[in-house]
**Student:** 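This is the structure, below, for whatever I ask next.
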Amino acid sequence: MRGLGDACLERWADRLRAASAGQTPLRLCGSGSKDFYGQSPCGEIFDTREYAGIVAYEPTELVVTARCGTPLARLEEILAEKGQSLAFEPPHFGAGATVGGCVASGLAGPRRAQAGAVRDFVLGVKILNGQGELLNFGGQVMKNVAGYDVSRLMAGSLGTLGLIAEVSLKVLPVAVAEQTVCFELTQDKALDLLNRWGGQPLPVSASAWSEDVLHVRLSGAAAAVSAASRTLGGQRVDHEDAYVFWRGIREQQHVFFAGEVPLWRISVPSTSAVLALPGAQLIEWGGALRWMRGPDAVADRAVRRAAEQGGGHATLFRAEQTLKAEYGVFQPLSAPLARIHRQLKHAFDPQGIFNPGRMYPEF
Amino acid sequence: MGIDGSSALPGPVFDKDDLLAQLGKVLPEGCLLVDEEDLRPYECDGMTAYRQLPLIVALPDSEAQAQAILRICHARKVPIVPRGAATGLSGGAMPHRHGLVLSLAKLKKIVNLDPVARTAVVQPGVRNLAISEAAAAHALYYAPDPSSQIACTIGGNVSENSGGVHCLKYGLTVHNVLRVRGLTIEGEIVEFGNAALDAPGYDLLALINGSEGMLALITEITVKLTPKPELAQVVLASFDDVTKAGDAVANIIAAGIIPAGLEMMDRKAIHAVEPFVNAGYDLGAEAILLCESDGTPEEVDEEMARMTGVLKESGASGIRVSQNETERLKFWAGRKAAFPAIGRISPDYLCMDGTIPRKNLARMLKAIAEMEQRYGLRCANVFHAGDGNLHPLIMYDANVPGQLDLATAFGGEILELSVELGGSITGEHGVGIEKIVQMCAQFSPAELEVFHALKRAFDSDGLFNPDKAIPTAARCREYRLIRDSAGGADHSAPGGA
Ligand SMILES: Cc1cc2nc3c(=O)[nH]c(=O)nc-3n(C[C@H](O)[C@H](O)[C@H](O)COP(=O)(O)OP(=O)(O)OC[C@H]3O[C@@H](n4cnc5c(N)ncnc54)[C@H](O)[C@@H]3O)c2cc1C
């Protein structure tokens with residue numbers, strides 16, 4: 001039996017083969033909601049939205065399989081109907097965000113520290129390579145160690161290794177109860193508390209500190225949430241307000257993210273002390289994610305050094321192209337890692353047609 | 001080398017005496033084994049059916065020594081087989097005939113344990129359980145708990161991406177490791193992941209997990225520690241029918257519950273275990289389920305009430321809730337002792353490791369029952385029911401000519417059926433040498449070529465653990481020829497585009 005999808009994939013396969021033959025760079029793109037992310041996209045636009053739809057959804061197996069062009073919002077709606085969700089709470093950054101873009105960008109939202117990252121929920125992928133071959137890795141089961149874990153590798157690869165045509169994700173039930181509480185605290189006090197709470201069996205599902213206010217979200221069984229809420233204290237936030245607040249953090253609609261000043265994403269151990277950097281900061285993930293609005297004058301070296309000293313890394317998340325080109329978006333890789341990256345890129349995409357330069361300029 | 005003795009690598013191209021002389025310069029006395037009697041204990045791992053003596057065993061006690069070994073070996077193109085505690089069940093640590101076994105057994109220091117950051121930095125030879133023991137003082141533990149946790153090493157766990165009975169809720173090894181430090185085949189130090197929650201570039205950390213010693217030598221690991229839940233309770237439910245037990249699992253998940261553990265055992269497994277462990281299992285049951293809840297006392301109360309409700313509605317014929325920690329551990333002891341219990345009632349057994357979508361469990365168990373008749377061998381089943389990972393334990397006697405072959409064919413058939421039912425040939429034990437043929441059933445030649453290309457990106461000469469996990473194209477052609485001429489089933493995965 002052949003469906004419309006097969007015809008689409010066949011056309012895509014032809015186009016990929018032609019691109020390989022002519023070494024034509026392709027710019028894989030859903031709605032373009034994450035065009036701002038990574039080095040500036042270049043190449044012939046390849047719109048992935050045509051290949052859309054849920055292939056299979058089995059709530060009792062905790063697995064959903066969707067085509068790359070499926071709107072992320074649609075996927076989340078379908079899961080919500082069954083009381084389930086994508087636990088990594090992906091940001092959309094635009095109404096048309098697609099499932100393929102979500103996996104390729106590998107960005108997770110407020111629940112990351114508790115639930116895990118995109119890659120933690122990827123169970124399988126089908127990718128199209130430059131030869132137009134449809135390759136299947138992983139699958140629709142929770143556990144699978146047959147062969148190298150190519151499906152998780154696709155998460156965050158920014159479309160540089162191949163075209164993600166279809167993806168299977170682990171889904172989880174939505175928490176029965178949720179309560180957000182807030183506190184007035186300086187950054188160092190907030191970091192200290194977050195780390196202390198992190199060492200206790202508390203159902204903290206998100207945290208955000210900025211301008212001396214710490215918001216903490218508790219999610220889980222009703223009894224656990226109310227007990228934890230008593231333990232934590234703080235001021236309870238109304239449910240509607242909490243919803244708007246966390247969406248604002250996830251989608252970067254919170255006032256911290258407004259304006260044109262470059263935005264740095266600094267990933268460090270949660271226990272890193274307050275980073276002595278000149279820009280305003282917003283802290284997420286129990287202290288492990290620090291956003292900073294850097295004035296242009298802040299040389300990238302200071303930020304990258306601060307991140308590296310803490311054992312982490314920094315990304316120039318939003319900035320003008322010129323600045324990105326000058327500083328590079330992602331933290332430079334060590335020599336052996338850079339070599340492995342180049343060789344991996346070559347192994348997957350020998351003709352260099354998939355999003356060249358989107359992650360690192362050299363590949 | 002392959003089961004059939006074939007190897008992608010040529011014979012030794014190096015001078016053994018020169019190699020030994022060079023290694024002797026970088027290793028302390030007694031850390032280099034060459035005599036047959038010393039090599040003998042290294043000839044196999046937990047998959048004892050496949051054995052091979054290595055050329056040399058080296059036991060470095062530092063990363064620097066391991067690095068020196070790799071440099072010397074790389075210059076001479078000597079195959080390297082990393083080895084942890086050798087509890088692996090797929091022959092992953094089985095030696096190479098012309099190669100060096102690099103044992104990490106002496107690298108067993110806990111380098112640092114940070115209770116505030118909730119991380120531990122450990123050497124690869126640290127035993128899984130030793131991490132939790134060290135963290136216990138801070139009310140923390142390392143969540144993945146393979147049944148072999150007393151013995152197996154964290155380096156082996158990362159290499160196999162091992163699971164445990166609590167991984168439905170707490171994840172597999174890959175979900176609990178933040179950073180892996182290792183050595184490339186050239187002996188260069190490389191770090192995958194870091195002290196933060198993510199790292200720049202490709203997710204090589206995900207790739208290293210489950211890479212079966214084929215991409216890098218792991219020399220240090222940062223693991224995530226989890227706060228110990230205040231309370232854990234387990235319910236032991238009996239069923240007079242395996243299908244009902246399977247449905248009960250689906251019903252629990254449909255009710256929005258993710259139990260801390262969700263395990264199933266069939267009648268044969270119960271009967272093997274009970275006399276051995278006295279766990280209190282119902283000998284009249286066709287299947288039992290173990291469902292665990294953990295968290296605050298309030299949370300556990302709430303979840304236990306919901307879980308037992310669902311189990312009753314699903315037709316459980318008996319339900320017992322652990323009344324205290326001793327009883328909880330007793331209920332689990334039976335499940336955790338399943339493999340040795342089978343070892344007690346049968347001279348030998350093969351442990352299969354397929355995963356299937358849970359809805360296909362009844363079909364699989366029926367097919368296995370039919371295979372038991374056909375092969376004339378018994379098979380007991382234990383099942384990580386929450387995540388669809390089935391361990392059929394095929395009992396045989398290696399001293400009866402032909403029985404190992406029968407058992408192997410029986411196992412192969414189960415694995416191929418797993419693929420046909422939309423699953424995988426291995427959920428947690430790895431491919432190793434054991435399931436290499438069935439890889440041809442799960443992957444197309446183009447997919448296998450991606451694996452080979454990926455391997456070359458790390459190890460261009462193919463020196464790390466040669467001939468394991470990924471079959472050669474030639475081997476798969478042969479496999480397909482035999483399968484097709486036997487008029488075998490079409491093994492392409494269902495639901496394929
Ligand atoms: C009774 C019993 C119960 C078991 N229960 C479970 C279970 O519940 N869940 C589960 O997942 N598994 C289970 N296993 C399988 C086995 O214990 C796991 O696969 C374990 O992770 C292997 O660890 P090890 O230290 O013994 O590794 P080994 O067997 O020594 O090696 C395994 C693989 O890892 C490679 N390797 C080892 N160390 C390194 C290193 N430092 N760098 C690079 N490569 C390395 C080896 O080359 C080999 O390919 C069980 C085994 C037994 C015998």
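Below, all heavy atoms of this structure are taken into account, side chains as well, without hydrogens, waters or symmetry copies.
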**Student:** Supply the atom-to-atom distance Asn136(A) CG to Ser151(A) OG, rounded to the nearest 0.5 angstrom.
**Tutor:**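 Asn136(A) atom CG to Ser151(A) atom OG measures 9.0 Å (nearest 0.5 Å).
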**Student:** Let me know if Glu302(B) has heavy atoms under 4.5 Å from chain A in its side chain, its backbone, both or neither.
**Tutor:**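 Just its side chain gets close to chain A.
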**Student:** Report yes or no: is the cationic atom of Arg67(A) (NZ for Lys, CZ for Arg) closer than 6.0 Å to the six-membered ring centre of Tyr51(A), at no more than 45° off its axis?
**Tutor:** yes
**Student:** Would you say Lys228(B) has more than 12 foreign heavy atoms packed within less than 6.0 Å of its NZ?
**Tutor:** yes
**Student:** Do you know which of Phe330(A), Tyr148(A), Trp285(A) has the most heavy-atom pairs under 4.5 Å to chain B?
**Tutor:**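 Max contact count across the listed options: Tyr148(A).
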**Student:** Which one wins on heavy-atom pair count under 4.5 Å against chain B: Gly156(A), Ala335(A), Ala117(A), Ala222(A)?
**Tutor:** Ala222(A)
**Student:** Go through the atoms of Pro59(A) and report whether side chain, backbone, both or neither lie under 4.5 Å from a heavy atom of chain B.
**Tutor:**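 For Pro59(A), the contact with chain B is made by the backbone alone.
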**Student:** Given 3.5 Å as the limit, does a donor-acceptor pair link the side chain of Lys224(B) with the main chain of Arg118(B), or not?
**Tutor:**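 No, the answer is negative, given that no donor and acceptor are paired below the 3.5 Å cut-off.
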**Student:** What part of Leu197(B) gets within 4.5 angstrom of chain A, counting heavy atoms only: side chain, backbone, both, or neither?
**Tutor:** both
**Student:** Do you know which of His346(A), Arg112(A), Gln84(A) has the most heavy-atom pairs under 4.5 Å to chain B?
**Tutor:**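 Looking at each option in turn, the highest pair count goes to Arg112(A).
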**Student:** Quick check for you: to the nearest 0.5 Å, what is the distance between Glu434(B) atom CD and Asp353(B) atom CG?
**Tutor:**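 Taking CD in Glu434(B) and CG in Asp353(B), the distance rounds to 8.0 Å.
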**Student:** In terms of heavy-atom proximity below 4.5 Å to chain B, should Ser267(A) be classed as side chain, backbone, both, or neither?
**Tutor:**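 Answer is both: backbone and side chain atoms of Ser267(A) are under 4.5 Å from chain B.
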**Student:** What option among Glu58(A), Glu133(A), Arg196(A) has the most heavy-atom pairs under 4.5 Å with chain B?
**Tutor:** Glu58(A)
**Student:** Just by modelled atom types, is the Val158(B) backbone N or O under 3.5 Å from a matching donor or acceptor in the Ser162(B) side chain?
**Tutor:** no
**Student:** State whether the side chain of Tyr360(A) and the backbone N or O of Gln331(A) hold a donor-acceptor pair below 3.5 Å, judged by distance alone.
**Tutor:**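 Here the side-chain-to-backbone pair exists.
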**Student:** What residue in Gly198(A), Ala108(A), Gly83(A), Pro173(A) has the most heavy-atom pairs under 4.5 Å with chain B?
**Tutor:** Gly198(A)
**Student:** Among Asp149(A), Asp120(A), Leu62(A), Leu333(A), who wins on heavy-atom pairs under 4.5 Å with chain B?
**Tutor:**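 When all of Asp149(A), Asp120(A), Leu62(A), Leu333(A) are compared, Asp120(A) has the most.
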